[in-house]
Structure formats: C-alpha cells, structure tokens
Amino acid sequence: MEESQRIRDLVRAVAARVPLDGAVLLSRESAQTVSAVLDELPRGLADDIVAHLPPALRENAELTNTTELEIPGTVAELMEPALGLLPEQATVQDAIEYLRSSDNARQITYLYAVDGDERLTGLVVIRDLLLASPDQPLSEVMLPSPFALTEQMDAGDAITAAVHRHYPVYPVVDGDGRLRGVVRGWRLFERQAIEITAQTGQMVGVDKDERVYTGFWEAFRMRHPWLQINLVTAFAAAFVVGLFEDTITRIVALAAFLPVLAGQSGNTGSQALAITLRGLTLGDMKDQPIARVLRKEALLGALNGLLVGLVAGAAMWLYAAQTGAAGAPMLALTILIAMVGACTSSGIFGVLVPITLRRFGADPATASSIFLTTFTDIVGMGLMLMLATTLVSA
C-alpha cells in the first residue's frame with residue numbers, strides 16, 4: 001500500500017515538471033519504480049522523459065503504456081489527465097473546499113465546469129473565485145464555451161492555435177465535447193521548438209526523430225534512402241549539363257561559372273524555402289494567398305539575381321578577357337540573364353516544393369532541399385548553357 005501511494009506521488013510530481021526535470025527526479029529511483037511511474041503517464045510525456053534518463057536506467061526501464069488514443073503527432077500524445085472537474089451547479093464555496101482538500105491543488109491552474117455528461121461547459125480562473133460570492137454557482141463565474149483542443153487534432157495545428165493564445169493550460173475534449181485531459185502550454189511550445197529545429201535536418205533527409213543518442217544502424221537506416229534519392233536527382237542535373245557538352249568544350253570559361261550559378265540560385269531557393277516552412281509551421285500560410293507568396297519570392301529572386309548577376313557578369317568578362325576566350329561581352333550577358341532566371345525560378349521552387357509535398361500528404365520539410373537543389377540546378381545550368389549556345393556559339 002505504501003509503495004503504491006509512493007508511485008502515485010511520484011506520478012503527480014513528475015507530471016508537474018518538464019521532461020528534463022522529471023527525468024532528474026526519476027534518476028534516483030530503481031528501474032522497476034521508473035517503469036511503474038512511466039506507465040501511469042501519458043505516452044508522449046513518458047517518451048520524452050525516457051529520452052532524458054541516464055543510459056543505464058533508460059535501457060532497464062520498461063515502458064508498456066500503449067494507449068491507442070495517443071496517436072503519434074496528435075494532441076492525445078501530449079495531454080495529461082485533467083484535474084479540477086466540478087459540476088457547473090457547484091458553488092464558489094464548493095470549489096474552494098475542493099481546492100483545499102485536493103492533494104493536487106498545486107497542479108491545478110484552472111477549474112473546469114462540466115455538465116451531467118462531463119461535457120466541458122466553462123472554465124474558472126482561480127482569481128475569480130476569490131472575487132466572487134461564496135454562494136454563487138460556477139455557471140455565473142466561469143468563462144463559458146472556453147477554447148479547447150481535440151484529442152485527434154494534429155500537434156502542428158495545436159501549436160498554431162497556441163501561438164495566438166499563450167494560455168498556460170489547454171483543455172482537451174473528445175468528439176462529443178467531453179473533457180478528456182489537458183495539455184500544458186510549455187509542452188506545445190517545446191514541440192514547436194523541436195519541429196523548427198528539426199526542419200534543418202529534414203530538408204537534407206535527416207529524420208526528425210533522430211537524436212545524438214540514436215543507434216548507428218538506426219541512423220543509417222533513416223539517412224541512407226535520401227542519399228540514394230539525391231544521387232538519382234543529381235544524375236538528372238548531370239544529364240542536362242551533358243546535353244551541352246560541345247558548348248562547354250568550346251567555351252571552357254563556362255565550366256568555371258557553373259558552380260557560381262548553382263551556389264547563388266541554391267541559396268536564393270533555400271531562403272524562400274526556409275520562410276515557407278516557417279510559415280507552414282506557424283500557420284502564417286493560411287492567411288496568405290499562395291499566388292501572393294509566389295509573386296513576392298519571384299520578385300525577390302529576380303532582384304537578387306540581377307544584382308549578383310551584374311557582379312558575376314563583370315567577373316566573367318574579366319575572366320574571359322584574361323584567358324583569351326572569344327565573345328567576352330556576350331558571355332557576361334549570358335551569366336547576367338542566367339543568374340536572373342535561375343534566382344527567380346529558385347525563389348518560386350522554394351515555395352512550391354514544400355507546399356506540393358504537403359498537398360501529397362508528405363511532411364513539407366522532408367528532404368525539401370534535395371528536390372529544391374535538383375530543380376534549381378536543372379533550370380539554372382540548363383538556362384545558362386542554352387543561352388551560351390545561342391548567344392555565343394552562334
């Protein structure tokens with residue numbers, strides 16, 4: 001009996017902390033105790049705590065909680081049991097007595113008013129209890145129809161909702177409006193930070209679940225398929241360059257500027273890609289017509305391409321003149337036009353690639369830069385070599 005009470009106390013103490021602090025608290029316990037505590041916690045929280053446990057304890061602690069409702073990537077994965085449920089007919093005095101007698105009073109941020117079927121009807125701020133008359137019913141004190149998340153809501157959508165609200169705790173309801181649990185604001189913002197920091201790796205094919213402690217073969221399994229895809233897309237770009245082999249052979253100066261063009265257009269596309277992914281993550285894209293975003297990134301790409309193209313064109317002119325290549329002015333013009341076209345198209349691709357991936361049900365951050373690099377290389381290099389063939393070789 002004493003051990004079971006101790007487990008319950010640990011569950012309450014761990015649930016009230018962030019995963020890192022919860023892991024520190026559990027690191028003093030035996031593997032058996034840790035397993036018992038983790039099985040009483042929401043699966044998402046338990047998994048986060050396990051990630052911060054010492055390696056030896058992490059390997060020995062068994063996690064058997066497999067609640068079906070906790071679908072990865074949904075609010076159910078992040079929620080914890082709701083505390084402070086009271087019938088809406090209860091009085092302010094009843095609510096105060098409930099808080100005084102509760103063992104979990106320190107973990108209660110809001111009280112939740114429910115009807116006879118436990119459907120959420122209102123939210124009571126503790127401060128309002130102090131300002132109300134003891135005999136007032138909660139229905140007169142509560143905030144009616146409070147904002148609530150749903151169990152099956154995507155975590156990304158919940159993050160977007162939290163960005164504009166900043167509440168410390170969010171109630172979670174099922175399809176019938178019954179209160180099922182709560183999600184603390186810090187957990188949503190922690191998930192948001194993880195999602196944003198994971199984007200850099202996902203853009204080059206690194207799975208968002210891979211961490212520094214991920215095993216060697218598991219990391220290999222996550223990364224290698226995208227390298228094979230990258231190889232195939234690189235062949236596509238090489239094929240385009242191969243089509244103009246005669247032009248490169250006759251105008252050797254072009255070979256020196258192919259990496260310059262690829263680098264500038266790739267950076268331009270990456271900038272547009274980063275902004276688009278940020279907009280998708282934070283929900284900003286919902287308020288912006290795609291055509292407007294495309295127009296903006298295309299114009300930015302064109303202007304940036306013009307300015308860097310002027311510098312690159314001048315460099316090509318000097319390089320061609322020093323090496324004795326024929327048609328230096330036309331080579332400079334070729335570089336200028338190709339840079340403008342490549343940067344404009346890369347800005348457009350930086351928007352279209354993640355949006356298209358999302359339309360097909362894929363994570364918009366997954367390997368976005370691999371596809372972006374392929375498209376920008378094909379268009380940029382193809383445009384430059386085609387212009388050189390037309391303007392210089394003619």
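We count residues from 1, following the sequence as given.
- Phe375 and Leu372 fall within the same hydrophobic cluster, where Ile, Leu, Val, Met, Phe, Trp and Tyr residues are linked whenever their side-chain heavy atoms come under 4.5 Å apart, directly or through other members.
- Using a 4.5 Å cut-off between side-chain heavy atoms of Ile, Leu, Val, Met, Phe, Trp and Tyr, with links allowed through other members, Val50 and Val34 fall into the same hydrophobic cluster.
- Nearest heavy atoms, Ala82 versus Val182: CB-CG1, 3.9 Å.
- Closest non-hydrogen pair, Arg184 versus Glu80, comes out as NE-OE2, 3.0 Å.
- Partner Cys343 forms a side chain to side chain contact (heavy atoms under 4.5 Å, CB included) with one of Thr268, Leu261, Asn267 and no other, that one being Thr268.
- The main-chain N or O of Gly84 is found under 3.5 Å from a side-chain atom of Tyr98 such that the two form a donor-acceptor pair.
- Closest of all the heavy-atom pairs between Phe257 and Met384 is C-CE, 4.2 Å.
- Using a 4.5 Å heavy-atom threshold, the side chains of Glu97 and Asp94 count as separate.
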Please list, one pair per line, the donor and acceptor atoms closer than 3.5 Å that link side chains of residues 129-149 to other protein atoms, with sequence neighbours excluded.
{"from": "Gln136", "atom 1": "OE1", "to": "Ser133", "atom 2": "N", "distance (Å)": "2.9"}
{"from": "Gln136", "atom 1": "NE2", "to": "Glu140", "atom 2": "OE1", "distance (Å)": "3.3"}

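- Note: the hydrophobic cluster containing Ile337 also contains Tyr319 (ILVMFWY, side chain heavy atoms under 4.5 Å, direct or indirect links).
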Ignoring hydrogens and angles, write down the donor-acceptor pairs under 3.5 Å from the side chains of residues 114-124, residues two or more places apart or on other chains.
{"from": "Asp115", "atom 1": "OD1", "to": "Asp117", "atom 2": "N", "distance (Å)": "2.9"}
{"from": "Asp115", "atom 1": "OD1", "to": "Glu118", "atom 2": "N", "distance (Å)": "3.2"}
{"from": "Asp115", "atom 1": "OD1", "to": "Arg119", "atom 2": "N", "distance (Å)": "2.9"}
{"from": "Asp115", "atom 1": "OD2", "to": "Arg119", "atom 2": "NE", "distance (Å)": "3.2"}
{"from": "Asp117", "atom 1": "OD2", "to": "Arg119", "atom 2": "NH1", "distance (Å)": "3.4"}
{"from": "Asp117", "atom 1": "OD2", "to": "Arg119", "atom 2": "NH2", "distance (Å)": "3.2"}
{"from": "Thr121", "atom 1": "OG1", "to": "Glu88", "atom 2": "OE1", "distance (Å)": "3.0"}
{"from": "Thr121", "atom 1": "OG1", "to": "Ala113", "atom 2": "O", "distance (Å)": "3.1"}

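- Under a hydrophobic-cluster definition in which Ile, Leu, Val, Met, Phe, Trp and Tyr are linked whenever side-chain heavy atoms come within less than 4.5 Å, directly or via other members, Leu179 and Tyr110 are assigned to the same cluster.
- Residues Trp317 and Met339 do not share a hydrophobic cluster, clusters being chains of Ile/Leu/Val/Met/Phe/Trp/Tyr side chains in contact below 4.5 Å.
- Residue Phe235 belongs to a hydrophobic cluster whose other members are Leu231, with links defined by side-chain heavy atoms closer than 4.5 Å.
- For the salt bridge (charged side-chain N to carboxylate O under 4.0 Å, His left out) condition, the pairs that include at least one residue of residues 22-37, sequence neighbours left out, are Arg6-Glu29.
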Which side-chain N or O atoms in residues 301-313 pair as donor and acceptor under 3.5 Å with protein atoms at least two apart or in another chain?
{"from": "Asn304", "atom 1": "ND2", "to": "Leu300", "atom 2": "O", "distance (Å)": "3.1"}

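- Pairs engaging residues 327-349 under the side chain to side chain donor-acceptor pair (under 3.5 Å) rule: none recorded [sequence neighbours left out].
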